[in-house]
Amino acid sequence: MHHTAILILELGAIILGLGVLGALAVRAGISPIPLYLVAGLAFGQGGILPLATSGEFIATGAEIGVILLLLTLGLEYNASELVTSLRGNARAGLVDLVLNAAPGAILALLLGWGPVAAVAMAGVTYATSSGITAKVLSDLGWIGNRETPVVLSLLVFEDLTMALYLPILTAMLAGVSFAGGAVTVGIALATVSVVLLIALRFGHYIEKFVASPSSEVLLLKVIGLALLVAGIATKLQVSAAVGAFLVGIALSGELAHEARTLLAPVRDLFAAVFFVFFGLQTDPAAILPVAGLAILLAVVSMITKLLTGAYAARRAGIAKAGQARAGIALIPRGEFNIVIAGLAVAAGAHPDLGPLAAAYVLILAAFGPLAAKLVQPLITAIARRT
């Protein structure tokens, strides 16, 4: 009973605190994400007031938050639009991979961490945070912009690349043979292909199953289906985020619009928990020794993501203002990057890899949303001149 009371007290304090921070962000006209991250640092290991009992509950809530963010993002588009966008932006996706994986791999090799750590750091610097970017697009009203489908196609390309990369990295960290690693990658590829095929060919059946005149029933079915598919995807070595996104694109039309409206408050609650959990995983004391390297790597990564977004948007015939927005939307790092670093640290790749990755991701997770807000007037000025 005592344990339950402390758990409820901690959760109540965290959620109320997030509400206060969100109110401050609204008054200041900025995204609340950086404030949520700082709150996580305060409640985490080495923070001002470490949590006693609610860490596991918050970890589960954080995973649900990422799933709901990607689910609502998927509801914005249908399967045919996704496939068309992926085909049209495959070249930009490869440019994204080369430009943004290189800085992490090169730094690890220069520091003498070895090839396995270099592969891990390549993943840390490559992947944009789909969850944070989805939140930024929503908060700033960029969802309906012309460059947003380009950004989403790059995010999906990255997520699908992660579906192949994570099994490869896991095999390398465990010292698994090439044949064993190839089987794992094959399973991941087959899973993504099957789910995408179902969304393309049988999406209307899924819509019939989910549809309901009752808002309560519709909400339960959509969230339940997304969590179920995300769980299956994770078991099959594919990101839960990819599974949730594909569920979203399987639904379209008025049903998707209604589902987005119903999901919004639930998504925002669990998304806030995700950003707090990210901060909880970071010990502030471990960040200081690697802060200089993390800042350098973050600056390089900002430049490479801006170049990636500008290149992809320009190929789609989008003006300079849209190119700038596309690049800025790709800056944040988050969930995938921390997962990759965690795998590498657990396998003993290098003791400094974890703190460096945490500091790097924290900088870009906080700066990305702020940059999007701060450069909005500049982007507006560019749009008026072009």
Side-chain angles (χ1 to χ4, degrees), residues 89 91-133 136 151 154-155 157-162 164-166 168-169 172-173 278 282 286-314 323-324 326-345 347 349-372 375:
N89 291 284
R91 185 181 299 179
L94 292 174
V95 169
D96 180 22
L97 175 61
V98 173
L99 281 181
N100 295 287
I106 291 171
L107 179 63
L109 292 173
L110 289 176
L111 292 173
W113 289 0
V116 176
V119 172
M121 281 302 299
V124 169
T125 57
Y126 166 58
T128 297
S129 169
S130 300
I132 298 177
T133 296
V136 169
V151 172
L154 288 174
L155 292 180
F157 189 94
E158 289 184 2
D159 284 350
L160 295 178
T161 302
M162 284 292 106
L164 303 179
Y165 166 84
L166 287 174
I168 293 172
L169 176 65
M172 290 181 67
L173 292 171
F278 178 74
T282 307
I287 291 177
L288 294 177
V290 295
L293 279 175
I295 292 170
L296 174 63
L297 192 59
V299 171
V300 172
S301 293
M302 280 186 256
I303 294 171
T304 53
K305 282 295 184 183
L306 286 169
L307 291 174
T308 298
Y311 172 77
R314 187 169 62 250
Q323 295 173 24
I328 291 167
L330 294 170
I331 286 175
R333 305 298 200 277
E335 56 274 13
F336 269 138
N337 317 80
I338 291 301
V339 168
I340 293 165
L343 289 172
V345 170
H350 196 278
D352 290 335
L353 192 152
L356 175 61
Y360 166 81
V361 173
L362 186 61
I363 292 168
L364 293 182
F367 183 78
L370 284 174
V375 302

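- Here the shortest heavy-atom pairing between Ala312 and Ala92 reads CB-CB, 3.6 Å.
- Between Leu307 atom CG and Gln323 atom CD the span is 11.0 Å, to the nearest 0.5 Å.
- Using a 4.5 Å heavy-atom threshold, the side chains of Leu356 and Leu107 count as touching.
- Residues Thr304 and Asn100 have side chains in contact (heavy-atom distance under 4.5 Å, counting atoms from C-beta outward).
- Here the shortest heavy-atom pairing between Gly104 and Thr125 reads N-OG1, 3.3 Å.
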List the atom pairs, donor and acceptor, that lie under 3.5 Å between side-chain atoms in residues 293-303 and the rest of the protein, sequence neighbours left out.
{"unit_1": "Ser301", "atom_1": "OG", "unit_2": "Leu297", "atom_2": "O", "d": "3.0"}
{"unit_1": "Ser301", "atom_1": "OG", "unit_2": "Tyr360", "atom_2": "OH", "d": "2.7"}

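- The residues Lys305 and Glu158 are annotated as salt-bridged, a charged nitrogen and a carboxylate oxygen being separated by less than 4.0 angstrom.
- Inter-residue side-chain proximity for Tyr126 and Asn337 is flagged as unmet; no heavy-atom pair is nearer than 4.5 Å.
- Judged purely by atom type and a 3.5 angstrom limit, Thr128 uses its side chain to pair as donor or acceptor with the backbone of Leu330.
- Distance check, rounded to the nearest 0.5 Å: CZ of Phe157 to CG of Leu97 gives 6.5 Å.
- Across every non-hydrogen atom of Gly309 and Ala326, the tightest pair is O-CB, 3.7 Å.
- In terms of modelled atom types and a separation under 3.5 Å, the side chain of Arg333 and the main chain of Leu362 share no donor-acceptor contact.
- Residue Asp96 holds its CG atom at 5.5 Å from CG of Leu154, rounded to the nearest 0.5 Å.
- Scanning all heavy atoms of the two residues, the minimum distance from Ile287 to Ala359 falls at CG2-CB, 3.6 Å.
- Closest of all the heavy-atom pairs between Val151 and Ala329 is CG1-CB, 4.2 Å.
- Partners of Thr133 by side-chain hydrogen bond (donor to acceptor under 3.5 Å, both in side chains), not counting sequence neighbours: none found.
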